[in-house]
Amino acid sequence: ASANRWRVTRLAARLGDGYSLISEACRIVGPIFGEWGPRLVWPLDFSVYHDAHMIIQETTHSRSPLSIDRGMMGYHMPLFRTAPGRAYLAFCQDAERETILMQLRRTASPEDMAYFVSGRIDSIIEEAREAGFATRSDGEFRPKTSSIAVPVLFKDQVLGCVSIIWSRSALDMTTAINLYAGPMKTIASTIAARLGDTASGGFSEPTPAA
């Protein structure tokens, strides 16, 4: 919905490893971002986990008048230094988290390895679980922006994370949390609910007219 790119449909996904929840979630996110983007104004992203990164699959950066980053579709983000990565680690299954952390211990950049050395990643995960969202506020990834991310949970699985990004010079974190944490949780739960409605209704495609 936000770029001139193509994504396989659920029917195409069946040709491979069966129906893809993430593919369907991406389809659902576009209209929901269309509803919320004008209300929140700051850019929104939906990102999914892949190979020790979060990858942006849907975004309103191109439509937001307040975006300072363009061309974010498909962008790969690190886990420890971004709000979506932190949210994913906090809410994914314990076994998956341990596997991810083992991989990062072998491959992490010096910037990420510092989180292991200091033990800071453990406190970040704990704080995110308590709050229901993760934050990035210290300029550790994009120096000019901060963000809040909420996991999209479906049947005990984190399908991805929704996040809102703003200029650090415009809002402090406390103000941003008061303004946006609630709406971001609503967006995440709406995505999960609409995905549940789609799943309960079956996945048959319409038969083409003869």
Working to the nearest 0.5 Å, report the span between CD1 of I32 and CG of L44.
11.0 Å

Are E24 and R27 close enough for a salt bridge, meaning some N to O gap below 4.0 Å?
yes

Heavy-atom check, side chain of D112 versus side chain of L79, under 4.5 Å
no

Side-chain contact, heavy-atom cut-off 4.5 Å: M184 with L40?
yes

When rounded to the nearest 0.5 angstrom, what distance separates SG in C161 from CD1 in I56?
11.5 Å

Taking side chain as C-beta onward, heavy atoms only, is H61 less than 4.5 Å from Y75?
no

Going from CE on M113 to OG1 on T107, what distance comes out if it is rounded to the nearest 0.5 angstrom?
8.0 Å

Can a salt bridge be assigned to the pair R97 and D94 using a cut-off of 4.0 Å between side-chain N and carboxylate O?
yes

Ring geometry between Y180 and W166 (parallel below 30°, tilted from 30 to 60°, perpendicular above 60°):
tilted

Less than 4.0 Å between a side-chain N and a carboxylate O, is that true for R142 and D45?
no

OG of S146 to CD1 of I164: how many Å apart, nearest 0.5 Å?
11.5 Å

Is any side-chain heavy atom of F116 closer than 4.5 Å to one of L104?
yes

CG/D156: more than 12 non-hydrogen atoms of other groups inside 6.0 Å
no

Angle between ring planes, Y88 versus Y49, binned at 30° and 60°: parallel, tilted or perpendicular?
parallel

Counting C-beta onward and ignoring hydrogens, is there a side-chain heavy-atom pair between W36 and T186 closer than 4.5 Å?
yes

